[in-house]
Structures are given as C-alpha cells and as structure tokens.
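For reference, the structure discussed in these notes is given below.
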Amino acid sequence: MDDLTPVVPLAASVLFNLSLISISVVARTATTKKSGYTPHAIYKWSSKFTCLIHSIIMSTVGFATVSLEDWDKKNLVHGESTWVYGGVAWELGYLCVDLCMMCYEKIKHNRWAGVCIVSHHVGFIIVLPLYYQCSCMSYFIGVFFTINLSTAFWQLRYILVKSGNAATWAFRLATIGFLLAYFFCRFLGIPFMFWKLACHQNLSWYEAPFQLPRKCLVGSALVMGFNFYWFSYLFRNIVVFNKARKVKKIS
C-alpha cells in the first residue's frame with residue numbers, strides 16, 4: 001500500500017458528502033416551500049439522506065472486502081486490502097463532515113445529537129487513523145463496515161416517514177430489513193469473524209479471539225456493547241412509533 005495515499009479518498013469523501021448535503025438541502029427546500037417545513041427539518045432530512053448514501057457505500061465496501069478478496073491465501077490478521085485502505089479514509093471524511101454538521105445543528109438550531117453519537121464519531125476519528133500505521137486487521141475492519149447496512153435501512157425508514165409513506169409496504173420492508181441487517185451484521189458479525197479466523201488457522205472457536213492483539217479484542221467488546229445498547233434504543237423507538245400510529249388510527 002506504499003504507493004497509495006489515504007489523502008485522496010479522505011478529500012473525496014469530504015467533498016462528496018458536503019456536496020450531497022448541499023444538493024439535498026436545495027432540492028428539499030425547492031420541493032417543500034409550500035409545506036411549512038422548518039429550516040431545521042430540511043437540514044435533518046438532508047443529513048439523513050446523506051447518511052443513507054454513505055451507509056450504502058460503506059456496507060458495499062465491507063461486503064466487497066469480505067467476499068471479493070482471496071482471504072484463503074492471505075493472513076486474516078495481517079493481510080492488507082485496497083478496499084479497506086480507501087474505505088477507512090472515506091469513513092473518516094464522512095465522520096468529520098457529520099460531526100461538523102452536528103455542531104452546526106447545535107449552534108444554529110439549538111438541537112444536540114446526543115453524547116452517545118458524538119462520542120461514537122470522536123472515538124472513531126481518533127482510532128481509525130491508527131490503521132495506517134500497520135495496515136493490518138483489514139478483514140475484520142471489512143466485517144465492521146458491513147454494520148452500515150442496518151444504518152442504511154434505519155435512515156430509509158426515517159425518510160419514508162417524513163415523506164408520508166409510513167403506512168406503505170416500503171416502510172414495512174425497510175423495518176424488516178433493518179432488524180435482519182442488525183441481527184446478522186451487528187450481532188453475528190463479530191462471532192462470524194472469530195469463527196472465520198478459527199477455520200483459517202485450525203483453531204477451536206474459543207482460541208481464535210486470543211490470536212488477535214489485545215486492543216482489537218477490547219475494540220470488539222466495545223463495539224458489541226454499543227450494538228446492544230443501540231438496538232435497545234432503536235427497538236424502543238420502533239415500538240413507540242407503532243403504538244402512536246395505532247392510537248392515531250383509532251382516533
């Protein structure tokens with residue numbers, strides 16, 4: 001990877017996401033002038049749309065890393081991947097843009113995204129650049145990138161609700177897609193990569209995790225803990241939304 005530089009995908013990601021936010025704000029403003037949408041609502045919709053596109057891109061990078069690279073011939077722990085090399089920089093670009101937009105939302109609209117999501121962004125902005133010191137763990141980072149698939153379905157749900165399509169089959173399919181993607185990519189993703197490592201090195205499943213650097217085990221535990229917390233929060237959101245919609249139908 002010495003002939004590649006992460007600066008190019010990083011800069012491309014920043015420009016792409018800023019452009020996407022700007023275009024979606026202009027488009028949303030033009031189509032909702034008579035609907036009474038507030039500036040904050042327009043900004044929020046644009047932010048969710050940008051997150052949707054980013055999640056699709058990153059989940060594609062993750063699945064490409066896991067399935068298209070010949071990991072049978074590579075070292076799962078130290079093997080390199082061009083997909084991940086560019087994907088990490090692209091993710092960093094999005095996180096920086098999104099964090100700036102959160103600050104803008106707080107200053108301009110006095111709305112705060114929350115300590116949890118801000119800590120998530122700041123933590124990954126600090127940790128992800130460490131990948132370029134060794135370019136290892138590419139397979140496992142690719143597995144982590146597939147997590148974005150559940151985020152894509154969640155943002156699609158938001159856009160469908162705000163577009164007045166909460167009672168459609170598209171919304172129901174997006175909800176089912178979110179639950180399935182969350183289960184397979186977030187809950188089973190980390191056990192899957194441990195199983196893959198065990199098969200690759202002829203180890204027992206309980207021996208595989210200890211072949212990884214300690215910081216990777218700590219990171220995996222933190223990600224899994226965050227996944228359980230985030231699922232409980234989002235699942236409650238789904239339950240409350242469905243109850244509110246049933247009450248609205250009755251009334």
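Keep in mind that the numbers below use all heavy atoms, side chains included, and drop hydrogens, waters and symmetry copies.
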Indicate, with yes or no, if [Y] and [X] share a hydrophobic cluster defined by side-chain heavy-atom contacts under 4.5 Å among Ile, Leu, Val, Met, Phe, Trp and Tyr.
X    : Y    : result
V127 : V223 : no
V8   : I57  : no
L222 : L188 : no
L180 : W169 : no
L173 : F171 : no

Between S13 and L92, does the side-chain contact (heavy atoms from CB on, under 4.5 Å) criterion hold? Intermediate values first, please. CA-CA 8 Å; S13 176; L92 281 170; over 6 Å; no

Are the charged groups of E105 and K44 less than 4.0 angstrom apart, N to O?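 A salt bridge links E105 with K44.
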
Side-chain heavy-atom pair [X], [Y] within 4.5 angstrom cut-off:
X    : Y    : result
S47  : I21  : no
H120 : F226 : yes
I147 : F144 : yes
E91  : C96  : no
V122 : L95  : no
F140 : S220 : no

Specify the closest pair of heavy atoms between [X] and [Y], including all atoms of both residues, with the distance to one decimal.
X    : Y    : answer
T65  : S138 : CG2-O, 3.8 Å
A89  : P6   : CB-O, 3.3 Å
S24  : T50  : OG-OG1, 4.3 Å
G86  : P9   : O-CB, 3.7 Å
Y43  : M102 : OH-N, 4.0 Å
A152 : L52  : O-CD1, 3.2 Å

Check: [Y] main-chain N/O paired with [X] side-chain donor or acceptor under 3.5 Å:
X    : Y    : answer
N227 : R186 : yes
S204 : Y206 : no
E69  : V66  : no
H200 : K74  : yes
T146 : F63  : no
Y131 : M137 : no
N148 : F145 : yes
N75  : H78  : yes
S19  : L15  : yes

Below 30° counts as parallel, above 60° as perpendicular, anything between as tilted: where do the rings of [X] and [Y] land?
X    : Y    : result
F187 : F183 : perpendicular
W71  : Y139 : perpendicular
F235 : F231 : parallel
F178 : Y182 : perpendicular

Could you go through E80 and Y85, starting from their C-alpha distance and side-chain angles, then the distance that decides it, and tell me whether this counts as side-chain contact (heavy atoms from CB on, under 4.5 Å)? CA-CA 8 Å; E80 298 180 348; Y85 198 89; over 6 Å; no

Is it the case that atom NZ in K106 sees more than 12 heavy atoms from other parts of the structure closer than 6.0 Å?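 Yes - once you tally the heavy atoms of other residues, nucleotides and ligands closer than 6.0 Å, there are more than 12.
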
Dump the intermediate steps for side-chain hydrogen bond (donor to acceptor under 3.5 Å, both in side chains) on N17 and H54, then the final yes or no. CA-CA 8 Å; N17 286 291; H54 171 76; 4.7 Å; no

How far apart are the C-alpha atoms of F16 and I53, what are their side-chain angles, what is the distance that settles it, and do they pass the side-chain contact (heavy atoms from CB on, under 4.5 Å) test? CA-CA 10 Å; F16 175 81; I53 300 301; 4.0 Å; yes

Axial cation check for W45 ring with K48, 6.0 Å and 45° limits: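 No.
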
Which is it for T60 and L149 under the side-chain contact (heavy atoms from CB on, under 4.5 Å) test, yes or no, and what are the steps along the way? CA-CA 8 Å; T60 301; L149 183 61; over 6 Å; no

